[in-house]
Novice: 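Pasting in a structure now, in structure tokens, and then I'll have a few things to ask.
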Number of protein chains: 2
Amino acid sequence: MRTTDLRIIKTKQALHDALLTLLSQKPLEQISIAEICREAKVNRGTFYLHYEQKEGLFEEYFQEIMEDLYQSYEEPYRAVTTLDTNQLDPNTIRIFHHIERFKMFYRIVFSKNVPLTYYYMLFDGIYSLLKRDITTQHIHQMEDHISIDYYSAYQANAIIGLIIQWYRGDFSDSVTMLNQQLAAILKNVRSGG
Amino acid sequence: MRTTDLRIIKTKQALHDALLTLLSQKPLEQISIAEICREAKVNRGTFYLHYEQKEGLFEEYFQEIMEDLYQSYEEPYRAVTTLDTNQLDPNTIRIFHHIERFKMFYRIVFSKNVPLTYYYMLFDGIYSLLKRDITTQHIHQMEDHISIDYYSAYQANAIIGLIIQWYRGDFSDSVTMLNQQLAAILKNVRSGG
DNA sequence: TTACTTATTGAACATCTGTTCATTAAAATC
DNA sequence: GATTTTAATGAACAGATGTTCAATAAGTAA
């Protein structure tokens, strides 16, 4: 099972393409492994040679999306003119642009019949970004008995809470609105709301 | 399909018992509907008369657990002696006792192959409790452009973030530790960490 | 080009899913 | 207690899952 073998690359590509085609027609939970294999013209046994479930195939896309999240986070923040963001890390706030860009994708991630795995992948992504910043920037200001891990989990999931609320309104609120909400919440909480 | 019909009550009870028996042996995702029906001595067609998936059966338990969560939240807070909790709503902090009490159950809820539905049921439970308090207690102190819905989602999911971190350490930290972490985080953030 | 390695295939298998339908039997209603 | 209503049953169905295996073909390496 060397990943450089052309046969493996071709098979995986065919399965990728088939999944994308089917996802444009119906949600993931209505797509069967057998269907993906028929579409990809790949033997069903071959599928199980590479993945355990269709979710495994989906996760390979997730990795690419997470790459964009990391880049969104690293990217220098531009055009802050309309926001009162002086109190918070501007990078954090780029996350909503990323979600907006892939909202088709996140509609799947947050749909209720999908396994929790995807949620954890998003959580882990935001968690590790926040943890890095919290460790380097805020540790010296924090109460010494706060666990960095718990604190990062708290902050990361709080942001996902906003995204869940956003998703439930079918992402109809603007990115600007989300940015304002996060800014206001952080400001409010700091001043003792 | 009147829910008072004795036949329905008996059938559901048999399915409930069967699920509990099987859950003590293996995780939900490894239990098939056919298996539950064999164990319950109920025809498989009858199962589909009452539920669409095994998850629907599981959700009926969830409702009972949520009842306990609501009671935990309402219950007057006792034995605060060791905690520095003067800054936060003591009710909030009762949530960790509830999770601890049903940790066997929450190990399922947070396992990665389970559908997101359960997460949302927990989220909605905490969300509505927090929202009620936020609406009645804090609205007058808050920045007026903060959406109560977003703010509640933020706070509810932040708490679940702590629970996820706790779960990932297999709930080995004590309830007291969790209470201290939440207290410290809220205190820290208020004083501008 | 040849020889070696290994991914893919097709077929088969037991089991599960989701649904339908006539039949049976248990509960509700009179 | 007799009658009506309806939940539960068993059988059957097409399709899906997850696995195994020998045969084949596609790729790699000499």
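If you're wondering where the values come from, they're calculated on a predicted model, not measured in any experiment. Residue numbers start from 1 in every chain, and the chains themselves are labelled A, B, ... in the order their sequence lines are given, proteins ahead of strands.
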Novice: Tell me whether the side-chain N/O atoms of B:Thr46 come closer than 4.0 Å to OP1 or OP2 in D:dT9.
Specialist: yes
Novice: Tell me which nucleotide among D:dT17, D:dA8, C:dT17 gets nearest to the side chain of B:Tyr48.
Specialist: C:dT17
Novice: If you look at every strand shown and take non-hydrogen atoms under 4.0 Å, does A:Lys41 touch a base, only sugar-phosphate, or nothing?
Specialist: sugar-phosphate
Novice: Report yes or no: is the cationic atom of A:Arg168 (NZ for Lys, CZ for Arg) closer than 6.0 Å to the six-membered ring centre of A:Phe110, at no more than 45° off its axis?
Specialist: no
Novice: To 10°, what angle do the rotation axes through the five end pairs on each side of the helix from C:dT1-D:dA30 to C:dC30-D:dG1 form?
Specialist: 30°
Novice: I'd like to check A:Ile8 versus A:His50 (side-chain heavy atoms, cut-off strictly below 4.5 Å). Are they in contact?
Specialist: yes
Novice: Just so I know, are the side chains of B:Leu130 and B:Tyr73 near enough to count as touching, which here means a heavy-atom distance under 4.5 Å?
Specialist: yes
Novice: Take B:Tyr167 and B:Tyr106, measure what ring-ring contact (aromatic ring centres under 6.0 Å, His included) needs, and give me the verdict at the end.
Specialist: CA-CA 8 Å; B:Tyr167 157 78; B:Tyr106 283 104; 9.7 Å; no
Novice: Using atom names, set out every protein N or O paired with an N or O of nucleotides 23-26 of chain D below 3.5 Å, distance rounded to 0.1 Å.
Specialist:
residue, atom, partner, partner atom, Å
D:dA26, N3, A:Arg7, NH1, 2.7

Novice: Roughly, in whole Å, what's the span from CD in A:Glu35 to C1' in D:dA14?
Specialist: 15 Å
Novice: Would you classify A:Leu49 as touching base, sugar-phosphate or nothing, given that sugar-phosphate means primed atoms plus P, OP1 and OP2, and contacts are heavy atoms under 4.0 Å?
Specialist: base
Novice: Step by step, work out the side-chain hydrogen bond (donor to acceptor under 3.5 Å, both in side chains) result for A:His98 and A:Tyr70.
Specialist: CA-CA 9 Å; A:His98 159 82; A:Tyr70 289 126; over 6 Å; no
Novice: Could you walk me through whether A:Phe96 and A:Phe171 pass ring-ring contact (aromatic ring centres under 6.0 Å, His included), step by step?
Specialist: CA-CA 10 Å; A:Phe96 300 123; A:Phe171 297 115; over 10 Å; no
Novice: Do the side chain of A:Asp5 and the base of D:dG27 come within less than 3.5 angstrom through a donor-acceptor pair of N or O atoms?
Specialist: no
Novice: B:Lys54 or A:Arg44: which one's nearest nucleotide on DNA chain C is closer to the 5' end?
Specialist: A:Arg44
Novice: Which residue lies toward the 5' end of DNA chain D, A:Ala34 or B:His50, if each is placed at its nearest nucleotide?
Specialist: B:His50
Novice: What nucleic acid atoms does A:Ser32 come within less than 4.0 Å of, heavy atoms only: base, sugar-phosphate, or nothing?
Specialist: sugar-phosphate
Novice: Go nucleotide by nucleotide along DNA chain C from the 5' end; which of B:Leu6 and B:Arg38 gets its closest nucleotide reached first?
Specialist: B:Arg38
